[in-house]
A.B. asks: 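Before we start, here is the structure in question, set down as structure tokens.
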Amino acid sequence: MYSELQKKLEERLRAVLRSQYQIEPEKIVIEQPPEVAFGEYALPLAFELARKLRKAPRKIAEEIVAALGSVEGFIAFEVAGAGYINARLDRGLAAHTVAAGGEVPAPEQPIHSLVEHTSINPNKAAHVGHLRNAILGDTFVRLLRAAGQKVDVQNYIDNTGVQVADVVVGLMHLEGLTLSSIEALMQRLAAEGRRIDYYCWDLYAKTSQWYEADPAQKEARRKLRLDTLHAIEHGGNETAEIAEIISTAVLRRHVETMLRLGIEYDLLPRESEILHLHFWDMAFEQLKDKGVLYFETEGKNKGCWVMTRPGAVRNSGTDRTGEPLREENAESSDASDGPDEDAKVIVRSNGTVTYVGKDIAYHLWKFGLLGRDFAYRRFFDYPNHTCWISAATGEPGHPHFGGAQAIYNVIDSRQSDPQANVIEALRGLGYTDQAAHYTHFSYEMVALTPRCALELGYEVSEEDRARPYIEVSGRKGFGVKADDLIDKLIAATRSEVDSRHPELATAEREAIAKAIAVGALRYFMLRYTRNTVIAFDFKDALSFEGETGPYLQYAVVRTRSIFRKAGITPDEALADAASIDAAPYLSGEGSEGIWEVWLRAAKTTLLLDQCIQTAEPAYLAKHAFQLAQDFSNFYRRHHILTEEDPARKKLLLATAAVTQRELIRSLSWLGIDAPEAM
RNA sequence: GGGCGAGUAGCUCAAUCGGAUAGAGCAUCAGCCUUCUAAGCUGAGGGUUGUGGGUUCGAUUCCCGCCUCGCCCA
């Protein structure tokens with residue numbers, strides 16, 4: 001409702017500016033006033049026009065207000081302060097519209113998007129940093145789907161990388177295991193109820209230390225590591241088979257862990273298939289043809305195929321049609337004929353392809369530009385759909401993957417450089433439209449506070465103790481495992497639910513505890529904007545008061561309780577609202593805090609748009625919190641069930657109903673369930 | 001050395017394209033459960049927005065210098 005009327009107001013303003021002043025501004029700023037007392041929309045445009053028109057802002061504002069006349073849905077335009085124009089909504093009409101509405105308008109042409117998130121190396125347990133990634137990604141998927149987009153969810157698996165190799169080295173050379181004894185190990189772990197990803201967590205840390213432990217052996221161990229990596233990349237040998245078994249088992253654990261938080265995937269594309277199906281060869285041809293890559297013949301990158309970095313000035317290699325060099329760049333750069341030492345190496349002089357190279361090929365596939373596809377096998381069954389995995393030879397019945405119009409890669413900010421290189425390569429190949437729809441959904445890492453690290457029993461240096469946070473490290477086995485955190489959260493909510501609701505059945509208490517735990521965790525990860533480093537602390541993460549998920553759930557639970565006792569459903573309450581004149585209850589004496597709820601509720605779709613535009617789910621988290629806050633305020637001031645004026649009671653019930661509807665909707669986009677009781 | 005990001009209340013974070021009195025939560029203190037769930041509510045204290053300039057009707061926001069921290073690249 002709110003954004004529709006905003007658009008209407010903007011159109012009317014444009015018409016006025018055109019006829020009054022012959023002005024066609026590019027953008028008209030429409031703000032939300034700091035207080036509802038100022039109205040529902042605030043327009044600072046008179047300030048801007050003042051200079052252009054050489055008139056006092058207040059005078060201009062008065063002229064615009066006079067010219068605006070009446071606009072449907074609005075009851076007044078006022079000049080305030082030094083020249084603001086405040087617009088007031090017809091509250092009664094607005095409430096009726098909000099009560100009747102609630103659907104997000106579907107787009108005329110749904111976009112096919114692809115979101116890649118999670119992407120944990122399958123050699124250890126998921127930790128809190130991975131949770132932030134998966135929760136951000138999953139929430140964004142829900143937002144895109146809410147806006148009517150067709151979204152594929154992919155979790156990229158680097159199953160042939162150095163991290164998997166490290167665990168394989170640990171299994172084969174530290175533990176002395178063979179293919180068959182590893183299978184026995186896995187059965188034993190399963191029988192003991194131990195998690196294979198936890199086992200690998202420890203082994204990975206142990207192996208990493210082992211490489212460095214003996215200076216005399218360092219070189220030999222480094223070679224062993226490299227040989228193992230090459231054997232895995234090459235495939236068709238026992239080492240590769242061990243890697244396949246162990247990485248698949250760990251991957252399955254990751255999928256299970258994320259499912260605890262309601263996170264599901266459609267496809268797990270793997271590095272092994274990108275290698276074995278020779279995606280790179282296809283990409284390499286294109287890159288050479290279009291001159292994106294050039295062969296370096298001198299300098300430190302001699303013998304490599306390299307690519308100019310984004311924003312850098314080309315001063316070596318083949319020609320490339322493109323933007324002319326800007327003069328200031330040409331001057332500031334070293335204009336000598338020497339090689340571009342800053343160029344990004346894509347193929348090393350020994351012929352191996354870098355990570356960025358393989359990523360370019362993969363992203364060509366994502367946009368349907370590679371000319372080759374994966375084969376697919378079933379991997380995991382969710383209640384409502386199947387998650388597929390890439391394979392060299394597939395099985396029938398799989399959906400079509402790839403060929404997206406827009407892609408979002410949820411990858412932490414440390415990888416912004418390689419991500420920028422991939423985008424630059426696409427642009428260089430002439431795929432400018434695809435490059436423009438490639439979003440590096442960047443976010444900052446989750447680190448541990450020194451206090452948290454000490455709490456977990458890690459050694460913390462003097463230096464680290466003074467820092468606000470310490471980076472987690474899988475290599476060091478330093479971090480908070482995702483399942484441990486979820487277990488801990490559920491234990492905390494469970495004991496609280498048990499003491500509050502001894503009358504409920506065990507299964508019911510369990511379900512409530514789980515919903516609250518997941519709500520707390522997901523909200524915790526979503527309340528920070530993406531470029532804020534989260535310094536993780538159990539005290540904050542295990543908090544259920546204040547700006548937390550449970551606070552929002554609690555507001556919903558209160559509305560549920562009201563409707564249970566009132567003996568009607570929220571839908572009935574919303575329908576009833578149409579039969580009354582709401583306006584008298586939405587302003588003036590005795591209306592405090594009611595309109596605020598309606599206005600906030602009306603803004604949900606506006607927030608959905610903003611979140612998608614900015615790729616920032618935190619705005620919706622904040623919005624839902626504020627709606628819950630507005631409701632709590634309303635709840636305290638107006639006692640619904642004992643209200644004697646029947647019309648007013650209908651309005652109060654509708655207020656609770658609209659709160660419930662918008663909160664549940666927002667929460668579902670955040671991946672949070674609202675329980676019946678808590 | 002180059003690039004990116006950050007610095008806001010005791011702590012953790014917001015602040016939409018440059019707008020009205022810089023807002024929340026936590027913590028502290030003082031209150032509110034025989035009335036719809038107190039995982040809640042009310043109130044109080046708490047700010048030179050790192051620092052120095054500039055741009056203008058107006059700067060946490062934009063520009064320049066400096067300081068501190070983090071990450072990435074060589």
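Model, not experiment: these values are computed from the prediction. No hydrogens, no waters, no symmetry mates; every other heavy atom, side chains included, goes into these values. Letters A, B, ... mirror the listed sequences (proteins, then strands); counts begin at 1.
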A.B. asks: What I want to check is whether the side chains of A:Tyr438 and A:Gln419 have a donor and an acceptor closer together than 3.5 Å.
C.D. replies: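 A:Tyr438 vs A:Gln419: donor-acceptor pair found between side chains.
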A.B. asks: Name the orientation class of the two ring planes belonging to A:Tyr523 and A:Phe625 (parallel below 30°, tilted from 30 to 60°, perpendicular beyond 60°).
C.D. replies: tilted
A.B. asks: When you check the glycosidic angle of B:rC17, does it come out syn, meaning within 90° of 0, or anti?
C.D. replies: syn
A.B. asks: Could you pull out all residues at least two apart from A:Tyr469 that satisfy ring-ring contact (aromatic ring centres under 6.0 Å, His included)?
C.D. replies: none
A.B. asks: Reckon A:Gln610 touches a base, only the sugar-phosphate, or nothing at all at heavy-atom distances under 4.0 Å?
C.D. replies: base
A.B. asks: Figure out the CD/P separation between A:Glu31 and B:rA20, and round it to whole Å.
C.D. replies: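 To the nearest whole Å, that distance equals 7 Å.
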A.B. asks: Pick the C1' atom in B:rC73 and in B:rC13, then give their distance to the nearest Å.
C.D. replies: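 Rounded to whole Å, the distance is 30 Å.
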A.B. asks: If you pin A:Phe544 and A:Val29 to their nearest nucleotides in RNA chain B, which one's is more 5'?
C.D. replies: A:Val29
A.B. asks: Mind telling me whether A:Phe631 and A:Tyr635 have parallel, tilted or perpendicular rings, with 30° and 60° as the class edges?
C.D. replies: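 If you compare the ring of A:Tyr635 with that of A:Phe631, the planes turn out tilted.
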A.B. asks: Considering only atom C1', compute the distance from B:rG23 to B:rG47 and round it to an integer number of Å.
C.D. replies: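 It comes out at 12 Å once rounded to the nearest Å.
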A.B. asks: One thing to verify: whether A:Glu424 and A:Lys344 come together as a salt bridge, which I'm taking to mean a side-chain N less than 4.0 angstrom from a carboxylate O.
C.D. replies: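 No, this pair does not count.
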A.B. asks: Between B:rC41 and A:Gln629, is there an OP1 or OP2 to side-chain N/O distance shorter than 4.0 Å?
C.D. replies: no
A.B. asks: Could you work out the separation of B:rG10 and B:rG46 based on their C1' atoms and round it to a whole Å?
C.D. replies: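 Their C1' atoms lie roughly 8 Å apart.
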A.B. asks: Classify the nucleic acid contact of A:Ile28 as base, sugar-phosphate or nothing, counting any heavy atom under 4.0 Å across all strands shown.
C.D. replies: base
A.B. asks: Given the C1' atoms of B:rA39 and B:rA22, what is the spacing between them in whole Å?
C.D. replies: 29 Å
A.B. asks: Which side chain to side chain donor-acceptor pair (under 3.5 Å) pairs, counting each pair once, include a residue from residues 441-451 of chain A, with sequence neighbours left out?
C.D. replies: A:Asn133-A:Tyr443, A:Ser413-A:Glu444, A:Thr449-A:Asp537, A:Arg451-A:Asp537
A.B. asks: Measuring only the P atom in each nucleotide, how far is B:rG50 from B:rG7? A whole number of Å is fine.
C.D. replies: 8 Å
A.B. asks: Taking only side-chain N and O atoms of A:Arg500, does any of them lie within less than 4.0 angstrom of OP1 or OP2 on B:rA39?
C.D. replies: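 Answer yes for this pair, as a side-chain N or O of A:Arg500 is under 4.0 Å from OP1 or OP2.
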A.B. asks: So is the aromatic ring of A:Phe38 stacked onto the base of B:rA20, judging by whether the centres are under 5.5 Å apart and the planes are under 30° apart?
C.D. replies: yes
A.B. asks: Which part of the nucleic acid, if any, lies within reach of A:Val497 when heavy atoms closer than 4.0 Å are counted: base, sugar-phosphate only, or nothing?
C.D. replies: base
A.B. asks: When the C1' atoms of B:rA59 and B:rA15 are compared, how many Å lie between them, rounded to an integer?
C.D. replies: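 Each nucleotide's C1' atom is 13 Å from the other's.
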A.B. asks: Roughly how far apart, to the nearest Å, are B:rA74 and B:rC11 at atom P?
C.D. replies: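 My reading of the P atoms in B:rA74 and B:rC11 gives 37 Å.
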A.B. asks: With A:Arg522, which residues qualify under salt bridge (charged side-chain N to carboxylate O under 4.0 Å, His left out), at least two apart?
C.D. replies: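 A:Arg522 satisfies salt bridge (charged side-chain N to carboxylate O under 4.0 Å, His left out) with A:Asp138 once adjacent residues are dropped.
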A.B. asks: Round to a whole Å and report the spacing from CG of A:Leu627 to P of B:rA24.
C.D. replies: 16 Å
A.B. asks: Shorter than 3.5 Å, N or O on both sides, protein versus nucleotides 13-15 of chain B: list them out with atom names.
C.D. replies:
residue : atom : partner  : partner atom : Å
B:rC13  : OP1  : A:Val533 : O            : 3.1
B:rA14  : OP1  : A:Thr529 : N            : 3.0
B:rA14  : OP1  : A:Thr529 : OG1          : 2.0
B:rA14  : OP1  : A:Thr532 : OG1          : 2.4

A.B. asks: Would you mind classifying the nucleic acid contact of A:Ala677 as base, sugar-phosphate or nothing, using non-hydrogen atoms under 4.0 angstrom?
C.D. replies: base
A.B. asks: Do A:Lys8 and A:Glu4 sit within salt-bridge range, that is, some charged N less than 4.0 Å from a carboxylate O?
C.D. replies: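 A:Glu4 and A:Lys8: not salt-bridged.
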A.B. asks: For residues 606-618 of chain A, run the donor-acceptor check on the side chains, cut-off 3.5 Å, and write out each pair with its distance to 0.1 Å, sequence neighbours left out.
C.D. replies:
residue  : atom : partner  : partner atom : Å
A:Thr614 : OG1  : A:Gln610 : O            : 2.6
A:Glu616 : OE1  : A:Arg530 : N            : 2.9
A:Glu616 : OE2  : A:Ala618 : N            : 3.1

A.B. asks: Quick one: does A:Tyr2's side chain have a donor or acceptor within less than 3.5 Å of a partner on A:Glu40's backbone?
C.D. replies: yes
A.B. asks: Any chance you could measure A:Leu653, atom CG, to A:Glu643, atom CD, to the nearest 0.5 Å?
C.D. replies: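 Reported to 0.5 Å precision, the distance equals 9.5 Å.
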A.B. asks: Of the options B:rC36, B:rG25, B:rC17, whose atoms approach the side-chain atoms of A:Glu547 most closely?
C.D. replies: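 Closest nucleotide to the A:Glu547 side chain: B:rG25.
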A.B. asks: Does A:Arg600 come within less than 4.0 Å of A:Glu596, counting only side-chain N to carboxylate O?
C.D. replies: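 Between A:Glu596 and A:Arg600 there is no salt bridge, as every charged N stays at least 4.0 Å from the carboxylate O atoms.
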A.B. asks: At a cut-off of 3.5 Å, list every protein nitrogen or oxygen paired with a nitrogen or oxygen from nucleotides 72-74 of chain B, distance to 0.1 Å.
C.D. replies:
residue : atom : partner  : partner atom : Å
B:rC73  : O2'  : A:Arg309 : NH2          : 3.3
B:rA74  : O3'  : A:Lys300 : NZ           : 2.3

A.B. asks: Over all strands shown, is A:Ala42 touching base, sugar-phosphate only, or nothing at heavy-atom distances under 4.0 angstrom?
C.D. replies: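 Base contact - A:Ala42 has a heavy atom under 4.0 Å of at least one base atom.
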A.B. asks: Can you tell me the distance, in whole Å, between the OH atom of A:Tyr41 and the C1' atom of B:rA20?
C.D. replies: 19 Å
A.B. asks: Check the distance between B:rA39's P and A:Gln553's CD and give it to me in whole angstrom.
C.D. replies: 14 Å
A.B. asks: Under the rule for side-chain hydrogen bond (donor to acceptor under 3.5 Å, both in side chains), what residues qualify as partners of A:Glu35, not counting sequence neighbours?
C.D. replies: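 For A:Glu35, no residue satisfies side-chain hydrogen bond (donor to acceptor under 3.5 Å, both in side chains) once neighbours in sequence are set aside.
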A.B. asks: Check salt bridge (charged side-chain N to carboxylate O under 4.0 Å, His left out) between A:Arg500 and all other residues, then give those that pass, not counting sequence neighbours.
C.D. replies: A:Glu496
A.B. asks: On the nucleotide B:rC36, are OP1 or OP2 found under 4.0 Å from the side-chain N or O atoms that A:Arg564 carries?
C.D. replies: no
A.B. asks: Describe the nucleic acid contact of A:His623 in one word from base, sugar-phosphate, nothing, applying a heavy-atom distance below 4.0 Å.
C.D. replies: nothing
A.B. asks: Starting at the 5' end of RNA chain B, write a dot or bracket for each base, bracketing those in Watson-Crick or G-U wobble pairs whose two distances are under 3.5 Å and using | for partners on another strand.
C.D. replies: (((((((..((((.....[...)))).(((((.......))))).....(((((..]....)))))))))))).
A.B. asks: For nucleotides 55-63 of chain B, tabulate all protein N/O to nucleotide N/O atom pairs closer than 3.5 Å, reporting atom names and distance.
C.D. replies:
none

A.B. asks: I want to verify a distance call: between B:rU16, B:rC69, B:rG40, whose nearest atom is closest to the A:Arg467 side chain?
C.D. replies: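 Among B:rU16, B:rC69, B:rG40, the one nearest the side chain of A:Arg467 is B:rC69.
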A.B. asks: If the threshold is 4.0 Å, N to carboxylate O, is there a salt bridge linking A:Glu455 and A:Lys539?
C.D. replies: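 Looking at A:Glu455 and A:Lys539, the cut-off is not met.
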A.B. asks: Using a 4.0 Å heavy-atom cut-off, does A:Asn86 contact any base of the nucleic acid, only the sugar-phosphate backbone, or nothing at all?
C.D. replies: base
A.B. asks: Contact class for A:Tyr551 vs. all strands (heavy atom < 4.0 Å): base, sugar-phosphate, or nothing?
C.D. replies: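 Contact class for A:Tyr551: sugar-phosphate only.
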A.B. asks: For A:Arg51, which residues count as a side-chain hydrogen bond (donor to acceptor under 3.5 Å, both in side chains) partner, sequence neighbours excluded?
C.D. replies: none
A.B. asks: Over how many whole Å does the gap from A:Glu545 atom CD to B:rU28 atom P extend?
C.D. replies: 11 Å
A.B. asks: Identify, with sequence neighbours excluded, every residue that meets side-chain hydrogen bond (donor to acceptor under 3.5 Å, both in side chains) alongside A:Asp158.
C.D. replies: none
A.B. asks: With rounding to the closest Å, how many angstrom separate the P atoms on B:rA24 and B:rC62?
C.D. replies: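 24 Å, rounded to whole Å.
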A.B. asks: In whole angstrom, what separates A:Tyr469's OH from B:rC69's C1'?
C.D. replies: 7 Å
